[in-house]
Amino acid sequence: MVLIGTVACNDFLEETPKSFIAPQNFYKTEGDALASMYSIYDALGSGNGVYYRWYRDLTLMLSDEGYGPTNNSLFWTLNTYTHDGRNTMITQLWQFTYAAIDRANATIDNVTEMTINQQLKDQIIGEAKFLRALNYFNLVRLYGPVPLSLEETKSVNGLERPTSSIEDIYKAILDDLIEAEKYVPVRKRGSAAANGLADLGAVKMLLAKVYMTMAGYPLNDAAKWPLALEKAKELYTSRADYGFGLWSNYLDAFEPKNENGKEDIFSIQFKAGFGAPFVGEGSLQHIDVFQGIKGRRGNYLNRPSEKLFLSFNSTDKRLLALPNFRIVLGDTTYFADTSKDRIFYKFVEQDVVDKNSAPNDTEKNFPVYRYSDLLLMLAEAENEVNGPAAAYPYLKEVTDRAGVPEATGLSKDEMRTFLMDERMRELHNEGSRWFDMVRQQMIMEEVAEASTINSVQIPGIPQEHHYFLPYPVDELAVNDQISQRPGY
Amino acid sequence: MVIDGIKVSGRVLSSDDQEGLPGVNVLVKGTLLGTVTDVNGNYSIDVPGSESILVFSSVGYIKEEVTVGNSTVVDITLMPDITALEEIVVIGYGEVRKSDLTGSVASVDIEDMNKMTKTSLDQSLQGMAAGVLVTQNSAQPGGGTSIRIRGTTSLTGGNEPLYVIDGIPIEVASNGSGANFGPALNPMSLLNPDDIQNIEILKDASSTAIYGARGSNGVVLITTKQGTTNDTKVTFSASYGIQDVATNLEVLNAPQFMEVVNQALLNDNNGDESIASSQELWYTQDEKDSIGQGVDWLDQVLTTGNVQNYQVSVTGGKDKLRYYLSIGHNINNGIVKNSNFQRTSIRLNLNSQATKRLGIGGNLTVSDVGSSFIRTEGDRQNAGVSSVMYSALRYRPTKPIFLSEEDDEFAVDQEVSNPLALVEKVTNTTNRLAVIGNLYGEYQILEGLKFKTTGAFNYNSSRDNFYAPQEGTYLGAINGGIGRVGFFNRSNLTNTNALNYNKTIGNHRINAVGVFEIIYDELYRVLDEGAGFVNDNLREHDLSSASNASKPRNYTEEWGLVSYLARINYSYADKYLFSASGRYDGSSRFGENNKYAFFPSASAGWVVSNEAFMENLDFLSQLKIRVSYGVVGNQSIPLYSSTSPFASDAYVLNNSLVTGFHSSRIANPDLRWEQKVQTNFGIDFSFLEGRISGTTEYYKDVTKDLLLAKRVPISSGYSNVISNIGSIENSGFEFSLNTVNINRQFSWRTSFNISFPKTLVKSLGEDQFLLAGYTDFIIKNSQIVQVGEPLGQFYGYINEGIAQTADDVPYTLGNTFIGDYKFRDISGPEGVPDGLISQEFDKVVIGNANPDFFGGITNSMSYKNLEFSFFFQGTFGNDIMNVNKAFIESSKPNSNLLVSALDAWTPTNTDAEVRMLSFKNVDVDANTRYVEDGSYLRLKNVTLAYNLPGEITSRLGLTNVQLSLSGQNLLTFTKYSGMDPEVDAFRNNSLSFGHDVFGYPQSRIISGGFSVTF
């Protein structure tokens, strides 16, 4: 009996889990390869996802276009440039981004080894590379030099990686994007193909954006402007293939019914009403932008700065996105207390507010790149490469929709400044402003201006070291290869 | 003496080995005639006549009587008397003479234990054995207990001992399917206390290393009653008890509540009554006059409960077959309405001597448990339904029971559920079925050498139902009703094969055992949930009608254990005792590189009293010194911890969910067992022919390789990996004493035990501390686990009374106002007090939930047919975090408060203890005001029993009739201000314990019963 036992027992002690997938059973089918890719998207859009709230909250707090609640140190330290590496937002954005990168690494490493339909395989790897590039692009812009890993984490050993230079990270980003550009298909907006996955338009958009950013601070590589222009133009000239265009009303670009429509180049997908366990999983965290009237749900944390509000021409239709807040209950409309008490409205779903239903369960997507961003980028690249005259046609498309007079007679420098302001008006609270301020190397000046306009909202001015965030102390505590950035 | 009788001869055999039993006394009943069996068990005796009765007796065996009749040859087999605890102790995979024992084994006095009102076996263990801390997780009927043998040894794994019933290790999933919100059941609550023959608790490595990877939390060995070859004996017993709440809390009645609300409004408006009285919340004199007393919500939910026990057992045997059969029914209707527990169990234990060399037998018990729980522990409204006690204490006394007089629908007051709706309208039930059985065959190969093989099966299942209605419950109301149903079952198969060798050669006595054991365990769980129902009619019975149905969840897990083990006991001349054991365990739970582990132990004893030089010390009956050392393991860590499972996730494409999969953690193929290295010193003594006997022990156990999450650089995509990095040390003294104070017609004996445990956290990996404890919107991290300190430390601010001046205001939380609590400024960012109160710099250790010592004392007296006993039990030196107080002492009076609110601080009542009441948001956190001394001494049981005199019973044709009256929890001495000091809201959590969070109130039981044997 002892002998029988010995023979049978080795099998007996194998752990073969039934209720979850073990690594040895995965990466077999096309479905596995797709599921692996979806998990990267999940890392961007879940409750622990990059774009669920911290990407927007953090860049908004750092920028001059908005401010946060004084009684929440998480927000207020960023708003006043007194943050350090213990800030949860700084830690989690780092953590969530690296989680997304590791999932992309896992997909790339493992799907490469699979024997499945070659076209699908290329496409999956291409998308994974796009997503990895997007995440490194966020990291390098936020934190500067960061650890660079292009392989799946499989063992406890060797996880203490030093930072790579900003140049090396951009090189890795360009390598990924150039590869992705070969394989990712076009998904025509308005057709079923435009399901929310990244397409060639997203890849080219990001590529243009990367070149444009490299042309500015900190690399200041002006030779990248023509490359940015070339990529942006490629996308613009083939806009009909993608079905790109602008909605006639600015706020329509954020309506659930128009999602993945003509103005969306790449959006993080959210959806309400899936119930447990997907509450918060399937929807953008809007709770912070909700206005609270007593007894109504919402935290009303983030508010537009007076600088942002004052930058608009009074006829600008986009001001509708910065209203005094209202709730309609029966016949009564409630407004927020004072005229200055404006809110960001583009991500608020009026129906959710009116019904006072769960504010973290709404339909709206988060636009990473919109078509108007492409137009403004094109204008900027034209201005830098060919001068202001070439920029006007693209700029006009944006200002016409806003219902403001078109810009005329600007010098190259004036055009640069104008475009920077226009980008703030058009793309406010979409996580663009802070990066524009950084690449133009203007964070002190722009914040100082906002503080002069309203020092209650924006009481602090950033210093040189604030161009990049501190490294999270949670990383430093167990990674002896990295030391904290100077100044923090 | 002239004998005109018969010569009778025969042989006395031991049922153990069917060998002749030497030294057995053979007496003719009622005479002085007698003899002793020879070395082969043979005897021969002359008896007066055929009516003579022979009495066979031997130490350690059950006495037998046989009427001679016409036989001239009387052979008899004697059964070992395992109740004679003084002689034989059941240990893992065998038994030893108590005098040979070298390990630490505590025997529970079953007789004393059974005097307790029989609710659950685990609860009855409380205070019965040194080193065994039994804490009730909930006073609710069926509420589980946590049993800690010599302290907490694991931080993240299991801490409950291994239960071995009739030789079979029993695994019972305590949490059921997770569909409902009840306290976890203890495996022992499935057993009928009346079926228990004895309980031994194994505490040191010498006794537990034989259980290897499952021995580190100690082992509870339970043996059930077996049949005897006596005539058939039928016992019927019944008891009925009533129970009511032991201590109640006093909250404000309606006029008092109105007073307090008005005072808070005055406080918020600088005492300006004209402004305060214009507020919506203000109560006018008319309102105060017309309200009466309002509703006493506690009184509404509490009731007088009862405990009932009915039991029939039949025991007996004939020829080679012995049996024990029983059926028992236990009903416990709790003191909060609609909380109850019922257990029906049957047992069938059979043993048969099939041939001279082959014995077969088996045990089977089927137990059906049904329980309706009310949610108590926990805070306001987590997970489906709020705590009844929270609601009963918080619901405003000014509010009516029903929505209106015409309508009998329960109302929800703000965000507090209606207490009556919680007890009357919520479904929260569990139905359990347990089948535990085994079959064995035992074969005598040679003299002294036996082989025994046992196959055991242990099945338990649970069906759990939950529904929180729209009517009356807060979460039910906002979700349109929440229904959940769940099912789980667990089956466990064990095969044990043991070779046992016993040999005595002169002064050498050897006992050796070798075992191969294999265990397979499978658990299956399904859970469905839905919310948003049209009405409350269908409840949880048709979840498909929910408008918001969750995805069904199900889960399967399996594990296996393969073990080889051996033990040898050797004693020389009853003076020098040695024991060594080893177990080689292979477990599926561990990493590729560490599947197998070896757990050795060794121990030695010296019976000093048997030495020649001690012979003159007449008063000393026994003195034994023993020492043991060994290593045991803990395999009860979460399954699949060493692997890197894929987790599913979801993304949205074209507005529908697509499923993704990603690796959820880094695999750790080096993951291994938590190991406990145990050292034990013990002295057993006995004086005056056993009138005074006792044991004192010192132990030091170091548990290392504790599983904890080890942080890794988060740039890896992960934040931690489960690793073997922690270490804890447990040490302590234990002392137990049994005395026979008077032993005449009136007899009085006392048993006493006391334990002084200490814990010390030795390592938490690279971290120096972990924040733990209770956290909600009021209290943040009430406990801290620190290296170099014990577990269970409370963590918070030092409350220095109330801020009386503007200078004190910075020392209130969030710089509030005069009248708020003032806390001590301990430090600041510069390492010195900074004039501010902050979580980071001003929280310190403010108490400890571990007792300095705990124990129990039983006194039993008897006089003629009367028996009387009383039992005290208590713990001393432990603190309790009274979380209830944080909620109901000085929070916003938009819900009810304790009566102490009437004496809260106001500008004119400045020497108050309770801070000023306000409707503003005023923070409070864990602080010294909420830490209270949790020491208590409880008169756990008093029993008076009367046995009907023999002449009456025999006239009735009965063997024995006993009537009894008992009281439980009649008195509790404590300084604790809450309902009861025996609380633990977290149920078995190693890092967070000792919190009172709206627990079920303790009950007091008075019961009467009788037992008839015929």
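Proteins come first, then strands; the chains are lettered A, B, ... in the order of their sequence lines, and each starts at number 1.
Checked by atom type and distance alone, the side chain of A:Asn135 never pairs as donor or acceptor with a backbone atom of A:Ile101 at under 3.5 Å. A donor-acceptor distance shorter than 3.5 angstrom exists from the side chain of A:Asn110 to the backbone of A:Ala106, with no hydrogens or angles considered.
Note on B:Lys710, B:Lys595, B:Glu557: by heavy-atom pairs under 4.5 Å with chain A, the leading option is B:Lys595.
Between the CG atom of B:Asn654 and the CD atom of A:Glu259 there is a distance of 9.0 Å, given to the nearest 0.5 Å.
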Query raised in the report: Should A:Asp109 and A:Lys154 be marked as a salt bridge (Lys or Arg N to Asp or Glu O under 4.0 Å) after you check the CA-CA gap, both sets of side-chain angles, and the distance that decides it?
Result: CA-CA 11 Å; A:Asp109 288 358; A:Lys154 295 190 90 161; over 6 Å; no
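At a 4.5 Å heavy-atom cutoff, the contact between A:Ser267 and chain B is made by backbone atoms alone. Of the two parts of A:Thr91, the backbone and the side chain both hold a non-hydrogen atom closer than 4.5 Å to a non-hydrogen atom of chain B. Looking at A:Ile268, both its backbone and its side chain come within 4.5 Å of chain B, counting heavy atoms on both sides. Neither the backbone nor the side chain of A:Asn260 has a heavy atom closer than 4.5 Å to any heavy atom of chain B. For B:Ser642, the part sitting under 4.5 Å from any heavy atom of chain A is the side chain, from C-beta outward, and nothing else. A:Ala477 touches chain B through its side chain: at least one heavy atom from C-beta onward sits under 4.5 Å away, while N, CA, C and O do not. For B:Ile666, the part sitting under 4.5 Å from any heavy atom of chain A is the side chain, from C-beta outward, and nothing else. In this structure, the portions of B:Ser716 lying under 4.5 Å from any heavy atom of chain A include both its backbone and its side chain. Only the side chain of B:Val721 comes within contact range of chain A, with at least one heavy atom under 4.5 Å from a heavy atom of that chain. With a threshold of 4.5 angstrom between heavy atoms, B:Glu522 approaches chain A through side-chain atoms but not through N, CA, C or O. Heavy atoms closer than 4.5 Å to chain A are found in the backbone of B:Ser587, but not in its side chain. With a 4.5 angstrom heavy-atom cutoff, A:Asp102 touches chain B only via side-chain atoms.
The pair A:Arg187-A:Asp264 does not count as a salt bridge, with every side-chain nitrogen at least 4.0 angstrom from each carboxylate oxygen.
Between A:Trp94 and A:Tyr143, the ring-plane angle classifies as perpendicular under the 30° and 60° cut-offs.
A:Tyr41 and B:Tyr651 have their aromatic ring centers within a separation under 6.0 angstrom. Aromatic ring centres of B:Tyr584 and B:Tyr596: separated by under 6.0 Å.
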